[in-house]
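For reference, the structure discussed in these notes is given below.
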Amino acid sequence: MATRWGICSAGKISNDFVVALQTLPAQDHQAVAVAARDLNRAKEFAQSHDIPKAYGTYEELAKDPNIDVVYVGAIHPVHRDLVLLFFKHGKNVLCEKPMAMNLTEVKELTAAARQHNVFFMEAFWSRFFPAYEEIRSLLHQKVIGEVKVVRAEFGANLLGVPRAVEKELGGGAILDIGCYGIQFASMVFNGEKPESVTAKGFLHNTGVDETVTVILQYPGKRQAVITCTLVTELPNQAVISGTNGIIQIPSYMWSPMSLIVNGKETKYTLPPTTKHLFFNNSTGLSYEAEHVRQCLLKGLKESPIMSLMESELLASIIEEVHIQLGISKNKG
Ligand SMILES: NC(=O)c1ccc[n+]([C@@H]2O[C@H](COP(=O)([O-])OP(=O)(O)OC[C@H]3O[C@@H](n4cnc5c(N)ncnc54)[C@H](OP(=O)(O)O)[C@@H]3O)[C@@H](O)[C@H]2O)c1
């Protein structure tokens with residue numbers, strides 16, 4: 001039986017997610033309904049993607065009994081309320097990154113997922129790319145020895161994107177793009193809690209973080225350095241240096257199409273589409289969709305690759321960065 005997806009919001013990433021879903025076999029994945037705040041937008045979205053049902057409120061989607069899992073593609077300030085709404089109606093949820101705005105909200109959501117006994121995952125799509133799977137396998141086999149230094153960066157000129165720079169829309173470099181480097185370091189260090197988090201950066205005139213470098217230090221003299229900026233393009237690569245070699249992840253480190261291990265490159269291809277995509281390599285969203293299907297088929301309530309505990313850890317690191325930059329005063 002196909003996994004029946006409900007799509008929450010008709011924005012850019014929802015578009016790309018549905019296009020990616022439709023690169024997968026129709027007997028495995030179906031987008032069966034979409035909800036937007038405006039019924040006409042939902043209808044337009046449904047029509048352009050051949051989705052049978054369109055709703056003008058998120059509540060109607062939550063109440064639809066013919067949905068296995070809801071994809072939340074709305075902006076992050078509304079993630080908390082939307083995810084709680086879907087949990088209340090017993091829905092499994094795949095929620096776009098960042099899971100929520102701060103650690104308090106993230107803990108509230110992970111606790112609610114457990115309480116409602118539903119599947120819940122933060123949509124760090126990168127983790128399900130073949131290159132990331134290969135990285136986990138290489139690290140497990142200790143091909144580059146013990147990892148000592150990790151570097152990752154995500155920079156682009158996003159100053160014209162309101163969602164990236166406006167505080168009320170959830171703006172800020174770390175929440176929007178720096179989180180990719182943090183999740184990368186966390187994956188490489190196996191979800192270990194860093195012994196220290198140090199952040200230096202600059203704020204934008206809207207009060208959100210604009211350019212930030214974060215240093216995570218781990219016991220045993222191991223370090224991760226993550227840079228993100230909303231101002232300019234960076235090489236957007238990542239590097240893992242071990243005692244016995246180097247793994248390089250060429251641009252884009254969040255959706256890599258090649259991997260260089262001790263100088264030897266492997267290339268990957270993406271599922272093709274002729275439909276419009278807003279973001280680079282977005283048909284790679286199909287990898288996480290298929291992962292969610294496999295988790296649901298196994299009856300899992302969380303992903304073994306992107307666990308709820310790790311989402312809490314990522315949120316705690318981001319919170320510490322916000323505190324050090326003077327953006328947040330609260331410890332969650
Ligand atoms: N995985 C990735 O590669 C990736 C890429 C980009 C973004 N993202 C994440 O996806 C989320 C959405 O990003 P996006 O670029 O798709 O954003 P977007 O197109 O600007 O907005 C997404 C949707 O947010 C909804 N929304 C709900 N309340 C809103 C409000 N008060 N003001 C404005 N919009 C509101 C709207 O839903 P309606 O349609 O119902 O009006 C809108 O269509 C973010 O959390 C972002 O971090 C992930």
Side-chain angles (χ1 to χ4, degrees), residues 6-21 33-46 48-49 51 54-62 70-83 85-86 93-102 105-106 109 121-129 132 154 156 158 160-184 208 228 230 236 252-256 270 276-289 291-292 306 311 314-315 318:
I7 308 298
C8 169
S9 95
K12 297 189 189 72
I13 195 66
S14 290
N15 172 86
D16 287 14
F17 185 78
V18 172
V19 172
L21 267 189
V34 57
R37 292 171 300 170
D38 172 73
L39 181 60
N40 284 334
R41 266 172 54 76
K43 279 184 175 164
E44 218 176 282
F45 188 97
S48 70
H49 296 290
I51 297 175
Y55 296 119
T57 66
Y58 300 138
E59 284 80 2
E60 288 168 275
L61 184 72
V70 174
Y71 170 76
V72 174
I75 57 172
H76 24 288
V78 296
H79 285 180
R80 174 197 171 270
D81 289 357
L82 290 177
V83 171
L85 169 72
F86 294 120
V93 174
L94 171 65
C95 178
E96 260 312 330
K97 45 55 61 178
M99 180 180 278
M101 290 301 288
N102 54 48
E105 287 189 2
V106 166
L109 294 185
M121 189 180 102
E122 185 175 14
F124 270 117
W125 64 315
S126 316
R127 292 229 169 160
F128 308 98
F129 271 68
Y132 270 56
F154 192 149
L158 300 176
V161 180
R163 188 180 70 62
V165 292
E166 300 300 335
K167 209 165 187 144
E168 323 74 69
L169 300 179
I174 278 285
L175 277 178
D176 196 25
I177 56 180
C179 58
Y180 280 108
I182 293 173
Q183 71 76 30
F184 180 76
V208 305
C228 58
L230 302 174
N236 292 331
Y252 308 104
M253 59 72 51
W254 56 91
S255 57
L270 280 169
H276 172 72
L277 294 169
F278 287 97
F279 302 105
N280 293 313
N281 298 349
S282 271
T283 55
L285 288 159
S286 57
Y287 305 128
E288 74 174 349
H291 175 74
V292 170
M306 188 62 236
S311 287
L314 301 181
I318 290 172

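Indexing begins at 1, ligand by ligand and atom by atom, following the structure's order. Nothing here was measured: the structure is a model prediction, and the numbers come from that model. Values below: all heavy atoms of this structure, side chains included; hydrogens, waters and symmetry mates excluded.
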Where is the tightest heavy-atom contact between [X] and [Y], given as atom of each residue plus distance?
X	Y	answer
His276	Val19	O-CG2, 4.0 Å
Glu166	Val208	C-CG1, 4.3 Å
Ala123	Leu94	CB-CD1, 3.6 Å
Ala20	Leu285	CB-CB, 3.7 Å

Tell me whether ligand 1 is touched by [X] - counting only heavy atoms on the residue side and a distance under 4.0 Å.
X	answer
Tyr180	yes
Asp176	yes
Tyr58	yes

Checking the N or O distance criterion of under 3.5 Å, is ligand 1 in contact with [X]?
X	result
Ile13	yes
Phe279	no
Ile75	yes
Gly11	yes
Arg163	yes

With sequence neighbours excluded, tell me which residues meet side-chain contact (heavy atoms from CB on, under 4.5 Å) with Ala100. Glu105, Val106, Leu109
Kindly identify the option in Arg37, His76, Met99 whose heavy atom sits closest to atom 41 (O) of ligand 1. Arg37
Just going by heavy-atom distances, which of Glu166, Lys97, Arg41, Glu168 is nearest to atom 47 (O) of ligand 1? Lys97
Are side-chain heavy atoms of Trp125 and Tyr287 found at a separation under 4.5 Å? no
Does Lys12 reach the side chain of Phe17, with side-chain heavy atoms less than 4.5 Å apart? no
In the protein, which heavy atom is nearest to [atom], and how far is it?
atom	answer
atom 22 (C) of ligand 1	Gly73 O, 3.5 Å
atom 19 (O) of ligand 1	Lys12 N, 2.9 Å
atom 11 (C) of ligand 1	Ala74 O, 3.3 Å

Treating His79 as the side-chain partner and Ala74 as the backbone partner, does any N or O pair qualify as donor plus acceptor under 3.5 Å? yes
Under a 4.0 angstrom heavy-atom cut-off, which atoms of ligand 1 come close to Ser9? 23 (C), 37 (O), 38 (P), 39 (O), 40 (O)
For His79, the ligand 1 atoms whose distance to one of its heavy atoms is below 4.0 Å: 45 (O)
Side chain, backbone, both or neither: which part of Glu96 comes within less than 4.0 Å of ligand 1 when only heavy atoms are counted? side chain
Under 3.5 Å side-chain donor-acceptor pair for Tyr252 and Asn280: yes
May I ask you to check whether Asn15 and His49 show a side-chain donor-acceptor distance below 3.5 Å? yes
